[in-house]
Amino acid sequence: MKYIDDIDMKITRENNLSRILTIDNIKEKTLLKNNPTSSIYKVRINDITLAYKVIKKNDNIDFRYTLKSYENYSNMKNTDGMVKVYDYRITEEGDKFEVLMEYLEGYNDVAEVEENKQLYTEKIYNIFNNILNQNIIPVDSGLANFLVKDQDVKMIDLDFLLKWEEVTFFNIIWFITRVDEIKSWSIDLGHKINDLFYNYMGKYFDTIPYNPLAEKYVEEGEKLLLEQRVGDAFKCFVKAFELKPNCSDAFNNLAVIYWDRNEIEISEKLLEFSLKIEPDNKVYLENYMEVLAHQKKHEKIINVINNTTKKKNIKNYDKVKQEELLLLQEEIDKYSYPSNYSYDIQSLQPKGSLKERVKYFVKYSPDLFEPCNKFLSVGSSLGYMLLFHAYRAKKCVGIEPDHKANDIVKRVAAFRNLKNVELFQGTFKDYPKNDHFDLIWMGNVFQYMYVDYGWQVAEELAKISCGKCIIEAPFEGEFLKKQAHLNSNWKNESLMNEYKFKRFEYEIKKYFDIKSVNPSGTDPVNRLIVVLERK
């Protein structure tokens, strides 16, 4: 009982401290360091000495990302080796970001260390391993971020702890630069961190689905390069990377641009990313060898030559898992209706007629492949779009009355280890509309929703939309009537006769802006793709 009492007392003390150690309770402060973008103070709260950091607003800082960084820190299960943070916030005026953290008295910059260098090297490596193991990248991780005292090491700057799905191309470049700085202190540590980063990046790459919109940006960028419009091409490749972080072509093309800028080391790193994704690509390999030869890195060239026959390190499944995968893939490929929804389970690359449909979506409604926070697929069927968004969105919901289709989606989601996919078996009318989605996709189902609601369907959509809605459906004429009669609840002929696109525009504009109207790839004569944005 004494042991339990001790635990209760410890928890009580920690809870009391969390209430006391807040920015609002700072009574006295002394300026320790004043930097161009931040100031560090020594502060006191109830006889406890703490550090108080104030980041100043400037053109290079977006406080939304800083806030996200500290939220990521707060959600980490293990923060060993990282400075303890008690409170953080953006000021009401939005001009500063404030952080209250532990005060590290007697700690010194790691760059000044002469003794125990190997010990500190191992501890810094363990800090990186711990952070990356929790799917977070310490983007800003240079020497100035680490302090040491006796046998202890602390990482003190937590302003750029980003999840893999939050990282941009420029964050990757920044990380590479900071690791190169660490190499100036310990070459061995720099190489170990690089290898660690590549290892975790490789694991993350396995989860990223094929993105046709990213491929389009690569094609546009390559055309712009041929036209000597390097700046515009650069933007295209960066956009491709943001949509598909494992876009090997984007890495390769960006490497070429950095090579022309004479930023050879960055070019080398980008080509390494390309080869991690596609190790047998001859173009990447030739570019990489040229970059190494230019820097006279002969040892690396020999290693590359010796390893050219090695294949990509893909996931190895046991025999039972392989058989389950093949059977599930066969089930998707042979599913009777809709036959045009087939895709590859491992890459989510569309197959057959779905591949052609996706080309039209990329051309006329590219918003469908942009990242979103909450995604709703009405009539999710075999779940292609639902699964596509699941690797980035916080929540993906599919509405589908077909129990067999839902079962297939659940099995594919389990195979891809997706925890954020929810399925509602039923129709849009049955679905409880108590959530909001910033991207709603309705592929060939809008006519059934109209059958259930009439023109009130616009209001019903507006109830749950906080962003874009993309509709693919027939809009008028005999083809619409034929499609609507597939709904067994359809009994109102006069309601169907009222269904004209002009009336649709009138009703929908009460709640949405119509961004675009284009022919659909499924049937360009009878169907349209309409992109709406909530007012």
Next item on the list: Grab the two heavy atoms, one from Ile156 and one from Met101, that are nearest each other, plus how far apart they are.
Entry: O-SD, 4.3 Å
Next item on the list: Give the C-alpha distance, both sets of side-chain angles, the deciding distance and a yes or no for side-chain contact (heavy atoms from CB on, under 4.5 Å) between Cys396 and Glu422.
Entry: CA-CA 6 Å; Cys396 290; Glu422 299 176 13; over 6 Å; no
Checklist line | Parallel, tilted or perpendicular: ring planes of Tyr343 versus Tyr384, cut at 30 and 60 degrees | finding: tilted
Next item on the list: May I ask you to decide whether Glu356 forms a salt bridge with Lys359, counting only side-chain N to carboxylate O separations under 4.0 Å?
Entry: yes
Notebook entry, point to check: Relative to the ring of Phe169, is the ring of Phe234 parallel (under 30°), tilted (30 to 60°) or perpendicular (over 60°)?
Noted result: perpendicular
Margin query: Measuring from atom OG1 of Thr207 to atom CG of Asn417, what distance do you get when rounded to the nearest 0.5 angstrom?
Written below: 9.5 Å
Check: Does the side-chain hydrogen bond (donor to acceptor under 3.5 Å, both in side chains) test come out yes or no for Ser380 and Glu400, once each step is laid out?
Finding: CA-CA 6 Å; Ser380 53; Glu400 174 57 53; 4.6 Å; no
Checklist line | Test item: Leu50 and Tyr86 side chains (from C-beta on) under 4.5 Å apart, heavy atoms | finding: yes
Check: Thinking salt bridges, do Arg64 and Asp62 make one under a 4.0 Å N-O criterion?
Finding: yes
Checklist line | Minimum-distance pair of heavy atoms, taken over all atoms of Phe512 and Ser465 | finding: CE2-OG, 3.6 Å
Next item on the list: Compute the centroid of each ring, for Phe369 and then for Phe361, and state whether the two points are separated by less than 6.0 Å.
Entry: no
Note to self: Do Val238 and Leu254 have side chains that approach each other closer than 4.5 Å (heavy atoms only, starting at C-beta)?
What the structure shows: yes
Next item on the list: Please lay out, stage by stage, how Lys468 and Asp438 fare under the test salt bridge (Lys or Arg N to Asp or Glu O under 4.0 Å).
Entry: CA-CA 6 Å; Lys468 289 179 179 174; Asp438 55 317; over 6 Å; no
Next item on the list: Using side chain to side chain contact (heavy atoms under 4.5 Å, CB included) as the criterion, point out the one residue from Ile440, Asp513, Ile514 that pairs with Leu532.
Entry: Ile514
Notebook entry, point to check: So, are Lys216 and Glu219 salt-bridged, with charged N and O less than 4.0 Å apart?
Noted result: no
Check: Hey, what's the ring geometry for Phe97 with Phe63, parallel, tilted or perpendicular (30° and 60° as the breaks)?
Finding: tilted
Item checked: Aromatic ring pairing Tyr431/Phe437, orientation class (parallel under 30°, perpendicular over 60°, tilted between) -> tilted
Notebook entry, point to check: Does Tyr450 have its ring centroid less than 6.0 Å away from the ring centroid of Trp455?
Noted result: yes
Checklist line | Audit row: Cys469, Arg534, side-chain contact (heavy atoms from CB on, under 4.5 Å) steps and yes/no | finding: CA-CA 8 Å; Cys469 296; Arg534 186 73 166 91; over 6 Å; no
Check: Is the closest side-chain donor-acceptor distance between Asn78 and Gln134 under 3.5 Å?
Finding: no
Next item on the list: Mind checking the CD1-OG1 spacing from Ile90 to Thr66? Nearest 0.5 Å is all I need.
Entry: 7.5 Å
Notebook entry, point to check: CG/Leu196 to CG/Asn129 distance, rounded to the nearest 0.5 angstrom?
Noted result: 4.5 Å
Check: Which word best sums up how the rings of Phe446 and Phe504 line up, parallel for under 30°, tilted for 30 to 60°, or perpendicular for over 60°?
Finding: perpendicular
Margin query: Do the side chains of Glu165 and Arg392 get close enough for a salt bridge, i.e. N-O under 4.0 angstrom?
Written below: no
Check: Within a radius of less than 6.0 Å around NZ of Lys510, do more than 12 heavy atoms belonging to other residues, nucleotides or ligands occur?
Finding: yes
Margin query: For the CD1 atom of Ile131 and the OH atom of Tyr73, what is their distance to the nearest 0.5 Å?
Written below: 10.5 Å
Next item on the list: For Tyr335 and Ser381, test the side chains for any donor-to-acceptor distance below 3.5 angstrom and give the result as yes or no.
Entry: no
Note to self: On a heavy-atom basis, which atom in Ile127 and which in Gly81 lie closest, and how many Å separate them?
What the structure shows: CD1-O, 3.4 Å
Check: Would Lys239 and Glu370 pass as an ion pair if we require N to O under 4.0 Å?
Finding: yes
Note to self: Which heavy atom of Ser248 sits nearest to which heavy atom of Ser274, and what is that distance?
What the structure shows: O-OG, 3.1 Å
Next item on the list: Verify the neighbour count for atom NZ of Lys77: are there more than 12 heavy atoms of other residues, nucleotides or ligands below 6.0 Å?
Entry: no
Checklist line | Enclosure of Phe501 CZ (heavy-atom neighbours >12, cutoff 6.0 Å) | finding: yes
Check: Can you tell me how far CG of Asn72 sits from NZ of Lys68, rounded to the nearest 0.5 angstrom?
Finding: 6.0 Å
Notebook entry, point to check: Crowded around Glu92 CD? As in, over 12 foreign heavy atoms under 6.0 Å?
Noted result: no
Next item on the list: Please name the pair of heavy atoms, one in Ile345 and one in Ile332, separated by the smallest distance, quoted to 0.1 Å.
Entry: CG1-CD1, 3.8 Å
Notebook entry, point to check: Is a side-chain N or O of Asn145 found less than 3.5 angstrom from the main chain of Met155, in a donor-acceptor match?
Noted result: no
Check: Stepwise, does the side-chain contact (heavy atoms from CB on, under 4.5 Å) test hold for Phe170 with Ile172?
Finding: CA-CA 5 Å; Phe170 299 102; Ile172 295 291; over 6 Å; no
Check: Does a side chain donor of either Tyr70 or Asp159 reach within less than 3.5 Å of an acceptor in the other side chain?
Finding: yes
Note to self: Strictly below 4.0 Å, N to O, side chains only: are Asp333 and Lys351 in salt-bridge contact?
What the structure shows: yes
Next item on the list: Verify salt bridge (Lys or Arg N to Asp or Glu O under 4.0 Å) between Asp95 and Lys56, making sure each step is shown before the conclusion.
Entry: CA-CA 6 Å; Asp95 60 337; Lys56 306 163 190 174; over 6 Å; no
Margin query: Before you tell me yes or no, could you show the steps for Glu505 and Lys502 under salt bridge (Lys or Arg N to Asp or Glu O under 4.0 Å), namely the whole-Å CA-CA distance, both residues' side-chain angles and the distance that decides it to 0.1 Å?
Written below: CA-CA 5 Å; Glu505 287 183 303; Lys502 285 187 178 179; over 6 Å; no
Next item on the list: Taking the side chain as every heavy atom from C-beta outward, state whether Lys395 and Asp435 have any pair of such atoms under 4.5 Å apart.
Entry: yes
Checklist line | Lys429 atom NZ: more than 12 heavy-atom contacts under 6.0 Å | finding: no
Next item on the list: May I have the step-by-step check of salt bridge (Lys or Arg N to Asp or Glu O under 4.0 Å) for Glu324 and Arg411, ending in yes or no?
Entry: CA-CA 10 Å; Glu324 288 177 0; Arg411 287 152 60 198; over 6 Å; no
Notebook entry, point to check: Using 30° and 60° as the class limits, which term best fits the ring planes of Phe128 and Phe175: parallel, tilted or perpendicular?
Noted result: perpendicular
